[in-house]
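Presented below is the structure to which this report refers.
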There are 2 protein chains.
Amino acid sequence: MNSVKIKPRAKTKSKAPYHHGDLRKQLVAAAEEIILERGVDGFTLREASRRAGVSPAAPAHHFKDARGLLSEVALLGFQEFGDALIAADQRGGKDPQKRLYEQGLAYVTFALKNPARFQLMFAHGKCDMRYKNLGEVAERSFKVLESAVRAASGLKPADDMTEDAYGLLMANWSIVHGFAHLALGGELDTPAGGRGGKGAILKSFLPLTLKHLPARR
Amino acid sequence: MNSVKIKPRAKTKSKAPYHHGDLRKQLVAAAEEIILERGVDGFTLREASRRAGVSPAAPAHHFKDARGLLSEVALLGFQEFGDALIAADQRGGKDPQKRLYEQGLAYVTFALKNPARFQLMFAHGKCDMRYKNLGEVAERSFKVLESAVRAASGLKPADDMTEDAYGLLMANWSIVHGFAHLALGGELDTPAGGRGGKGAILKSFLPLTLKHLPARR
DNA sequence: GCTACGATCTAAACAGTGTATAGATCAATA
DNA sequence: TATTGATCTATACACTGTTTAGATCGTAGC
């Protein structure tokens, strides 16, 4: 056999060059794969290296450490998440109640469709909020919610948040976040007519719950 | 000197016997210490062994593996948790709304006062729900909530849950669980006048949020 | 009292992890 | 063309959970 050595990472390429060329992106992709397959806790940096076809020390040149790579994944997640929330908010038009409802729908939908990413984004200590602009990007999602709550509370954009408005904000956030967390933990599968997977949860349980989204009082 | 050798683990005892004598309990205690100090992810079985003064292989005689030990900790947690919910429910008397409020208060209070334990109890995959009677004990807490929701929905104990009642249940659970999760993640610290630690959260933020606990509609 | 046993422990080993170090490779710049 | 800096490998270290074989010791049965 006339040795044509295979580059492990590329589909059909020449010789496995010493330099990967696209490692950073592939590490991120591998990380997303892994947390999807094995959960956030199942992630290992060495496995990501393996899937990218490099040595365990290679990632250090692109990310400070394992948390760095996970933080990058979270960053991308929060970007998509924020976009989804903004789009939902706009679907709500001028009705604050509808804005909150659409946001809640989008919040949980994102969580159930991107379970691993969502768990990572809100896991305690898994990623470093000082990584790049992760903190700001996460804050952006928060602001979308705050904006709708301000409208629902009759506040103008420049006004300070009142205590009541802040209570409304926390209540709205809590209910959708709690629902997402419980659903992802399988906590909503057991009782009564559960089962049916994420689809059933989104289609039947979620609307039943979002009916109770707190409005201004 | 009439040799009174010190047993490393016991306060003031004789000789460090080959057999520990109280290992199971001390492992549980060590595990609770560790998750409190280092978080659930910071737990290692070897560290627990070290603190109990035994070799890394010793725990295997009392727990199947690391998850087994954590499951035991979760089991004890759910027992206390269930007791707290039941006591709160009774404080609510005959008013379903008050029962739900007291339960919510107790739910979040438990979470903030036992952060590590709570995170463990609701962490995905950290403990084995088939461990001993962990599943049933966890279910017991759920039943306390369900019972109050039945009352709030005008259902008798024997009645099947209606869709609406189930929505009410999920909404109540979601809001308190979400609040607890967000608070533990420090998510409620940043904005506006936050800070002040868990005490401030319990005393000011929580009531503002629980005002919005969904009632029957 | 003795013996045998079963429960409980230790010591040592194995495979896996994250990460630090030193050195190899290679594109691009001076 | 030589050098430099970015990117990679090989190696090593200190951890981890868990398994194995063997040591210890309370106690049940004789």
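Heavy-atom basis, side chains included; hydrogens, waters and symmetry copies ignored. First the proteins, then the strands, lettered A, B, ... as listed; each starts at 1.
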Would you kindly give the CG-to-P distance between A/D41 and C/dG18, to the nearest whole Å?
12 Å

Does a donor on one side chain sit under 3.5 Å from an acceptor on the other, for A/T44 and A/R50?
no

Phosphate oxygens OP1/OP2 of D/dA6: is one of them under 4.0 Å from a side-chain N or O of A/H62?
no

Pairs flagged by salt bridge (Lys or Arg N to Asp or Glu O under 4.0 Å) wherever residues 54-63 of chain B is involved - sequence neighbours left out:
none

May I have the distance from B/H61 (atom NE2) to C/dA11 (atom P), rounded to whole angstrom?
13 Å

Can you sort out the partners of B/E163 under side-chain hydrogen bond (donor to acceptor under 3.5 Å, both in side chains), two or more places apart, ordered by chain and number?
none

With sequence neighbours excluded, what pairs up with A/R117 under the salt bridge (charged side-chain N to carboxylate O under 4.0 Å, His left out) test?
A/E32, A/E80

Sorted by first residue and then second, give each ring pair (Phe, Tyr, Trp, His ring centres under 6.0 Å) pair with at least one member in residues 50-84 of chain A; sequence neighbours left out.
A/F78-A/F122, A/F81-A/Y107, A/F81-A/F110

Contacts of type salt bridge (charged side-chain N to carboxylate O under 4.0 Å, His left out), residue B/D41, not counting sequence neighbours:
A/K126, B/K126

In whole Å, I'd like the distance from the CZ atom of A/R24 to the C1' atom of D/dC8.
16 Å

Not counting sequence neighbours, which residues clear salt bridge (charged side-chain N to carboxylate O under 4.0 Å, His left out) with B/K132? List them please.
B/E72

For B/E136, the salt bridge (charged side-chain N to carboxylate O under 4.0 Å, His left out) test, sequence neighbours excluded, returns none

Between D/dC25 (C1') and B/L23 (CG): distance, integer Å
16 Å

How would you summarise protein contacts on nucleotides 13-20 of chain D per nucleotide, using B for base, S for sugar-phosphate only and - for none, with heavy-atom distances below 4.0 Å?
---BBBBB

CG of B/D22 versus P of C/dT8: gap in Å, rounded?
12 Å

Can you pull out the residues from residues 121-129 of chain B that lie within a 4.0 Å heavy-atom distance of DNA chain C?
none

Nearest-angstrom distance from the residue atom CD of B/Q26 to C1' of C/dT8:
15 Å

